[in-house]
Amino acid sequence: EDQVTQSPEALRLQEGESSSLNCSYTVSGLRGLFWYRQDPGKGPEFLFTLYSAGEEKEKERLKATLTKKESFLHITAPKPEDSATYLCAVQANYGQNFVFGPGTRLSVLP
Amino acid sequence: DSGVTQTPKHLITATGQRVTLRCSPRSGDLSVYWYQQSLDQGLQFLIHYYNGEERAKGNILERFSAQQFPDLHSELNLSSLELGDSALYFCASRGAGANYGYTFGSGTRLTVV
């Protein structure tokens, strides 16, 4: 069974304090790994897709990386507006639906 | 605006009742996915439709059903509602290119009282 875990469950940072979120996955053949941001009461918003180990993607203060077993979302010099829940999801080669992790709730304090 | 439209935004109903949630995918997207999000379960896959045909089922209860119409909008029907069905229900659509993953709607918050 495909599984996704994320750590930490919650993270509080001071503005400007860089950190990383972890997504560990077990899947029978990875077609893609996806990162989403979700604000309270809203739908998840797409951030990145990663397809193969060693791949990296960047967007503003966010950088996502992928290995064979996990992905990291690095947040450099975060701002309060980066506060949200960050979700990781995987799609297996044989399936169309995504399996989501439980998310990391990030709070960035001014 | 993501381009995926869900109605209604909020729904309050009593136990035992039946409700219908509606989703219009982004223009041109043939796939519609339904997910349930509750506080203790995270995002759980319910069902996937592609161009009117059911493609995959996840942890969808027998009391729940869905369909996708010729104009590609989809409806999720929830019946014999229980308190535990209270959750956010999201619809997502996806185009042919895999690069952008799903595009989610803003969700329907269902409260069963």
Side-chain angles (χ1 to χ4, degrees), chain A residues 1-10 21 23-25 27 29-52 55-57 59 62 64 66 71 73 84-105, chain B residues 1-7 9-10 21 23 25-26 29-51 53-60 66 87-111:
Chain A
E1 183 181 335
D2 302 334
Q3 285 193 324
V4 180
T5 59
Q6 292 187 246
S7 62
E9 184 176 321
L21 313 182
C23 168
S24 295
Y25 62 90
V27 63
L30 180 71
R31 177 179 287 184
L33 184 140
F34 303 82
W35 281 98
Y36 283 82
R37 168 195 170 123
Q38 186 176 25
D39 293 302
K42 296 190 176 181
E45 177 188 341
F46 171 79
L47 293 174
F48 302 109
T49 308
L50 300 166
Y51 293 108
S52 56
E55 190 174 358
E56 298 182 352
K57 292 275 180 72
K59 179 180 179 180
L62 300 177
L66 181 64
S71 176
L73 185 65
T85 295
Y86 290 85
L87 299 167
C88 167
V90 297
Q91 182 185 20
N93 280 331
Y94 56 83
Q96 284 289 319
N97 61 287
F98 292 4
V99 176
F100 280 84
T104 292
R105 193 169 59 254
Chain B
D1 182 6
S2 68
V4 178
T5 303
Q6 287 189 250
T7 57
K9 290 191 184 302
H10 302 276
L21 313 184
C23 168
R26 280 188 323 172
D29 286 356
L30 301 180
S31 273
V32 169
Y33 302 80
W34 285 97
Y35 279 78
Q36 180 192 56
Q37 187 176 42
S38 53
L39 283 175
D40 58 345
Q41 292 283 332
L43 272 165
Q44 298 292 313
F45 169 66
L46 295 177
I47 199 163
H48 167 214
Y49 275 85
Y50 178 83
N51 201 21
E53 291 188 9
E54 181 186 304
R55 284 296 180 92
K57 268 186 175 179
N59 299 319
I60 188 166
L88 269 167
Y89 290 85
F90 287 106
C91 162
S93 73
R94 194 177 191 200
N99 288 344
Y100 296 98
Y102 293 163
T103 300
F104 281 87
S106 56
T108 293
R109 180 175 294 280
L110 174 66
T111 303

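Only heavy atoms go into these numbers, but all of them, side chains included; no hydrogens, no water, no symmetry mates. Convention: sequence-line order gives letters A, B, ...; per-chain numbering from 1.
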Subject >> Under 3.5 Å: donor-acceptor pair, side chain of Thr49(A), backbone of Phe34(A) >> reply: no
**OP:** Using the test ring-ring contact (aromatic ring centres under 6.0 Å, His included), find all partners of Tyr86(A) that sit at least two apart in sequence or belong to another chain.
**Re:** none
Counting only heavy atoms closer than 4.5 Å, note whether [X] contacts chain B via side chain, backbone, both or neither.
| X | answer |
| --- | --- |
| Gln38(A) | side chain |
| Leu87(A) | side chain |
| Pro102(A) | neither |

Original post:
Between Tyr33(B) and His48(B), what is the ring plane arrangement, given parallel below 30°, perpendicular above 60°, and tilted in between?
Top reply: parallel
Side chain / backbone / both / neither for [X] at chain A, heavy atoms under 4.5 Å:
| X | answer |
| --- | --- |
| Gln6(B) | neither |
| Tyr35(B) | side chain |
| Arg55(B) | neither |

Original post:
What residues form a salt bridge (Lys or Arg N to Asp or Glu O under 4.0 Å) with Lys42(A), not counting sequence neighbours?
Top reply: none
Original post:
With Val4(A), which of Val90(A), Leu33(A), Val27(A) fulfils side-chain contact (heavy atoms from CB on, under 4.5 Å)?
Top reply: Val90(A)
